[in-house]
There are 2 protein chains.
Amino acid sequence: MNKPAKLRSVNSSAADGQMMYSLVRAAHVLESRLEEALEEVGLSLAKFGALSHLVKEGEPLSLSECAMKMTCVRSNVTQLVDRLEADGLVRRVEDPEDRRAVRAVVTALGKERHAAGARQVEKVQAEFAKTISGTDRNALERVLSALR
Amino acid sequence: MNKPAKLRSVNSSAADGQMMYSLVRAAHVLESRLEEALEEVGLSLAKFGALSHLVKEGEPLSLSECAMKMTCVRSNVTQLVDRLEADGLVRRVEDPEDRRAVRAVVTALGKERHAAGARQVEKVQAEFAKTISGTDRNALERVLSALR
DNA sequence: GCGGGTTTATTCATATATGAATATTATAGT
DNA sequence: ACTATAATATTCATATATGAATAAACCCGC
């Protein structure tokens, strides 16, 4: 027998603890799927994320701006751009306005690769969409927007 | 004006894409909170996780068993146990049954530290519980259980 | 009993992430 | 104009994670 809804929403911190872990695990599962899908086109999730911001912006971003958009630390971006540059997906250019700054430019190959990555990500999204019912969608939105 | 629910649950792969990212981001936020809380007692989330499995089991676990419980690769556990051992939270003992195996034993200090970590985690859980309404709880459960 | 395949942990190379330290350049306040 | 402060990217040390390669020990079928 289920508990009445009133009781269910009270005194359930143990269940919530499980849910917190479930949420984290579920996200890891999704990340694995994305990594797997992106690997087929020679990208990692980190690389795809960086390319996405650069492509979306449409103009060179300084590494600091990248770090902010990716909500990570600058030294991380330095290394990520090193690898992207080694892959030929991005180029570093100096900023004439500010001689401290370095901006990242997506190469033609980088744009192609990003597009291929986006197609892969869409497949995972479609799969994800199937696992969510319409009513759960709204509840999930509320929960996730509370966690920022 | 909202779309009718029927339309809302159809043709919404773009919104679902956002939700997929939201879910991943939300999990990262939770992980950061856990890391932050655990840092106060000198633990990382990875270390706390390993200790939790060992404490829960109540007896020494081989590193392979640890890897399975933590759903990660064995070489990861090797390094993690290196660090736990350096912290004095765990000891390696040989397995008399199987001379290939190495088992991890929690030390007294390890048990204390784990208990302290568990108290920290509970605080984060309580905070998390407050952000979830009773009705959303069930929806979230359904969604997360579909992602295993 | 033994030879071949499996399982064990470790090591190595690499990717991702953080934070501290450093050097260079910009900018504000005086 | 000069100095103090801030912001830039990089480097370094470290933690976490993966996967490939290795060595040791196990186990099965013969």
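Bear in mind that the values here come from a model prediction, so they are computed numbers and not experimental data. Lettering follows sequence order; numbering is per chain, from 1. No hydrogens, no waters, no symmetry mates; every other heavy atom, side chains included, goes into these values.
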- Task: Evaluate the criterion side chain to side chain contact (heavy atoms under 4.5 Å, CB included) for residue pair F128(A) and L147(B); output intermediate values, then yes/no.
- Result: CA-CA 9 Å; F128(A) 173 68; L147(B) 257 53; 4.0 Å; yes
- Query: Are E57(A) and H53(A) side-chain neighbours, meaning at least one heavy-atom pair lies under 4.5 Å?
  - Reply: no
- Query: Can you name the closest pair of heavy atoms from V121(A) and M20(B) and give their distance?
  - Reply: CG1-CE, 4.3 Å
- Note on the structure: Residues K47(B) and L43(B): closest non-hydrogen pair is CB-CD2, 4.1 Å
- Message: Against V90(B), only a single residue in D82(B), L51(B), L109(B), T107(B) fulfils side-chain contact (heavy atoms from CB on, under 4.5 Å); can you say which?
- Response: L51(B)
- Assign each of R99(A) and A46(A) the nucleotide of DNA chain C bearing its closest heavy atom; nearer the 5' end lies the nucleotide of A46(A)
- Task: Please step through side chain to side chain contact (heavy atoms under 4.5 Å, CB included) for the pair Y21(A) and L30(B), ending with a clear verdict.
- Result: CA-CA 9 Å; Y21(A) 286 130; L30(B) 278 179; over 6 Å; no
- Message: Reading DNA chain D from 5' to 3', where do the contacts with chain B start and stop? Cut-off is 4.0 Å to heavy atoms.
- Response: dA15(D) to dC26(D)
Report all interatomic pairs (protein N or O, nucleotide N or O of nucleotides 6-10 of chain C) with separations under 3.5 Å.
unit_1: dT7(C); atom_1: O4'; unit_2: R100(B); atom_2: NH1; d: 3.4
unit_1: dT7(C); atom_1: O2; unit_2: R100(B); atom_2: NH1; d: 2.6
unit_1: dT8(C); atom_1: OP2; unit_2: R74(B); atom_2: NH1; d: 3.3
unit_1: dA9(C); atom_1: OP1; unit_2: L63(B); atom_2: N; d: 2.9
unit_1: dA9(C); atom_1: OP1; unit_2: S64(B); atom_2: N; d: 3.3
unit_1: dA9(C); atom_1: OP1; unit_2: V102(B); atom_2: O; d: 3.3
unit_1: dA9(C); atom_1: OP2; unit_2: S64(B); atom_2: N; d: 2.8
unit_1: dA9(C); atom_1: OP2; unit_2: S64(B); atom_2: OG; d: 2.0
unit_1: dT10(C); atom_1: OP1; unit_2: R92(B); atom_2: NH1; d: 2.6
unit_1: dT10(C); atom_1: OP2; unit_2: T78(B); atom_2: OG1; d: 3.1
unit_1: dT10(C); atom_1: OP2; unit_2: R92(B); atom_2: NH1; d: 2.9

- Query: Given a cutoff of under 4.5 Å between side-chain heavy atoms of I, L, V, M, F, W and Y, with clusters grown through shared members, what are the other residues clustered with V93(B)?
  - Reply: V105(B)
- Note on the structure: With R103(B) as partner, the option from E94(B), E59(B), E65(B), E97(B) fulfilling side chain to side chain donor-acceptor pair (under 3.5 Å) is E65(B)
